[in-house]
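Convention: sequence-line order gives letters A, B, ...; per-chain numbering from 1.
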Amino acid sequence: MASVWKRLSCDGDVLNLGITLVCGQAFRWKKLNNEEWCGVLSGKVWTFKQSSDGIYYKVNSRLSEVESTTQNESILNDYFQLNIDLHHLYDHWSSRDDNFKQVAATISGFRLLRQDPVENLFSFICSSNNNIERISSMVEALCVKYGGIITEVNGVVYHDFPSIATLAEPQVEQELRELKFGYRAKFIHETAKILMKKCNKDWLISLREVPYEEAHAALCELPGVGAKVADCVCLMSLDKTDAIPVDTHVWQISCRDYNIPDLKKSKSLTNKAYKAIGDHFRQLFGKYAGWANSVLFSGDLKKFQDSKVNYIQVSLI
DNA sequence: CAGGTC
DNA sequence: TCTGG
């Protein structure tokens, strides 16, 4: 399908692609240059360009597919959750927390993506004891080995994320071990098998309709899914806007920048500390606490990445 | 030790 | 604990 640039009218402070796509919530968006990103969404290959008068996008689909601008814009509105008024939320969070106000000034236009729960769940099963670079390459490996081919764009072949049925096939654990997935190989395969046994084949996405606590508890039953991964899935693909994933970074930021009762006493991230942090931010920021918390964390990640770039630049001189 | 889990 | 830096 021939692809042309289309414009999605929205300002940079309504949607900042640079921060939103590479902050670690999704692992398949590739930065092509300073203002262009490319990746797979809803079975199509999308190229995005951030411009002063909006977001430009190009779509490449399977050969058989007929492109509909109305349908494509609907996919983007859903994925970027453009119906959610970010200005209003930033103002609210800033009024509640001076630290947020300070961090937010450096990262406007950050959004949570409304992701596919299957891709989101298996990606974050890969995230334990791992770094973003390696998580990204593992997710890529899953797609190349088990995902269907969508199309080729500029000499690169793009694949769908694999289906649950494919990941449940008997040889998968051994194959993933050979691909250096480590102990995550068993978690991925076992979780896929459990999901296949559910009567409701749309069980995962049906968790969008149940309360946060219920969805969180259900996810924690799956092998390789603990409190943190369950919260990532709740927040990023199940519409639980007040879910707060607490990882070592969030824990350290919380200890450093917030006065949360009893937190500084614990030497490690205990269950009690995990809950105390989540409850504190939910009380502080309200219904969209998970979004606010992600902005705070992205601010820290951005500083970290900037300092890494500086380090590399310095070492090259 | 890296955005945990069992 | 798997694996990579």
Side-chain angles (χ1 to χ4, degrees), chain A residues 19-29 103 107 110 112-113 115 119-142 145 172-194 216-237 243-257 266-278 281 289-309 311-312 315:
Chain A
I19 296 166
T20 299
L21 296 181
V22 300
C23 68
Q25 57 176 324
F27 300 99
R28 295 191 68 198
W29 293 103
V103 174
I107 39 175
F110 172 85
L112 260 298
L113 301 167
Q115 300 188 61
E119 173 171 344
N120 191 213
L121 171 63
F122 287 102
S123 296
F124 276 89
I125 287 178
C126 295
S127 76
S128 66
N129 253 312
N130 212 341
N131 56 67
I132 290 180
E133 197 179 317
R134 186 169 165 231
I135 298 165
S136 301
S137 68
M138 287 164 81
V139 172
E140 182 66 19
L142 279 178
K145 185 150 185 72
V172 166
E173 182 184 340
Q174 182 56 34
E175 288 174 347
L176 290 180
R177 283 197 180 276
E178 286 160 13
L179 287 170
K180 311 295 182 186
F181 274 60
Y183 56 79
R184 300 166 198 85
K186 192 182 186 68
F187 291 155
I188 289 168
H189 184 230
E190 293 295 322
T191 288
K193 282 199 292 186
I194 289 172
H216 189 269
L219 290 170
C220 285
E221 295 294 313
L222 301 169
V225 181
K228 191 264 177 180
V229 170
D231 271 324
C232 286
V233 178
C234 281
L235 176 66
M236 300 173 186
S237 60
I244 303 207
V246 181
D247 53 42
T248 54
H249 287 243
V250 172
W251 175 52
Q252 284 169 44
I253 294 168
S254 302
C255 291
R256 189 191 69 194
D257 298 341
S266 55
K267 276 239 155 210
S268 65
L269 181 49
T270 58
N271 286 337
K272 194 180 165 189
Y274 190 102
K275 197 174 182 322
I277 293 167
F281 285 117
W291 283 53
N293 199 255
S294 300
V295 173
L296 284 175
F297 175 63
S298 298
D300 204 70
L301 191 68
K302 187 165 176 281
K303 273 187 263 174
F304 173 68
Q305 284 175 339
D306 289 349
S307 67
K308 239 173 47 170
V309 169
Y311 171 74
I312 291 164
S315 63

Subject >> Qualifying residues under ring-ring contact (aromatic ring centres under 6.0 Å, His included), relative to A/Phe110, sequence neighbours excluded >> reply: none

**OP:** Quick one: list whatever passes salt bridge (charged side-chain N to carboxylate O under 4.0 Å, His left out) with A/Lys275, sequence neighbours left out.
**Re:** A/Asp279

**OP:** Would you indicate, yes or no, if B/dG4 has its OP1 or OP2 atom less than 4.0 angstrom from a side-chain nitrogen or oxygen of A/Thr248?
**Re:** yes

Subject >> With sequence neighbours excluded, residues passing ring-ring contact (aromatic ring centres under 6.0 Å, His included) with A/Trp29 >> reply: A/Phe48

Subject >> B/dG3 pairs with, by Watson-Crick or G-U criteria that keep both distances under 3.5 Å >> reply: none

**OP:** Sequence neighbours left out, what passes side chain to side chain donor-acceptor pair (under 3.5 Å) with A/Thr191? Give chain and number order.
**Re:** none

Original post:
With a non-hydrogen cut-off below 4.0 angstrom, is A/Pro223 in contact with a base, only sugar-phosphate, or nothing?
Top reply: sugar-phosphate

Original post:
Which part of the nucleic acid, if any, lies within reach of A/Val250 when heavy atoms closer than 4.0 Å are counted: base, sugar-phosphate only, or nothing?
Top reply: nothing

**OP:** Tell me which residues in residues 178-193 of chain A put a heavy atom below 4.0 Å from DNA chain C, sorted by number, or none.
**Re:** A/Lys180, A/Gly182, A/Tyr183, A/Arg184

Subject >> Pairing residues for A/Phe124 by the ring-ring contact (aromatic ring centres under 6.0 Å, His included) criterion, not counting sequence neighbours >> reply: A/Phe27

**OP:** Check salt bridge (charged side-chain N to carboxylate O under 4.0 Å, His left out) between A/Lys193 and all other residues, then give those that pass, not counting sequence neighbours.
**Re:** A/Glu190

**OP:** Please name all residues satisfying side chain to side chain donor-acceptor pair (under 3.5 Å) with A/Asn120, sequence neighbours left out, ordered by chain then number.
**Re:** A/Ser237

Subject >> Outermost nucleotides of DNA chain C that come under 4.0 Å of a non-hydrogen atom of chain A >> reply: C/dT1 to C/dG4

Original post:
Is there a Watson-Crick or G-U wobble partner for C/dG5 with both distances under 3.5 Å, and which nucleotide is it?
Top reply: none

Subject >> Sorted by number, the residues of residues 228-235 of chain A with heavy-atom contact under 4.0 Å to DNA chain B >> reply: A/Lys228, A/Val229, A/Cys232

**OP:** Check salt bridge (charged side-chain N to carboxylate O under 4.0 Å, His left out) between A/Arg134 and all other residues, then give those that pass, not counting sequence neighbours.
**Re:** none

Original post:
Does anything in residues 175-186 of chain A pair up under salt bridge (charged side-chain N to carboxylate O under 4.0 Å, His left out), and if so which pairs, sequence neighbours excluded?
Top reply: A/Glu173-A/Arg177

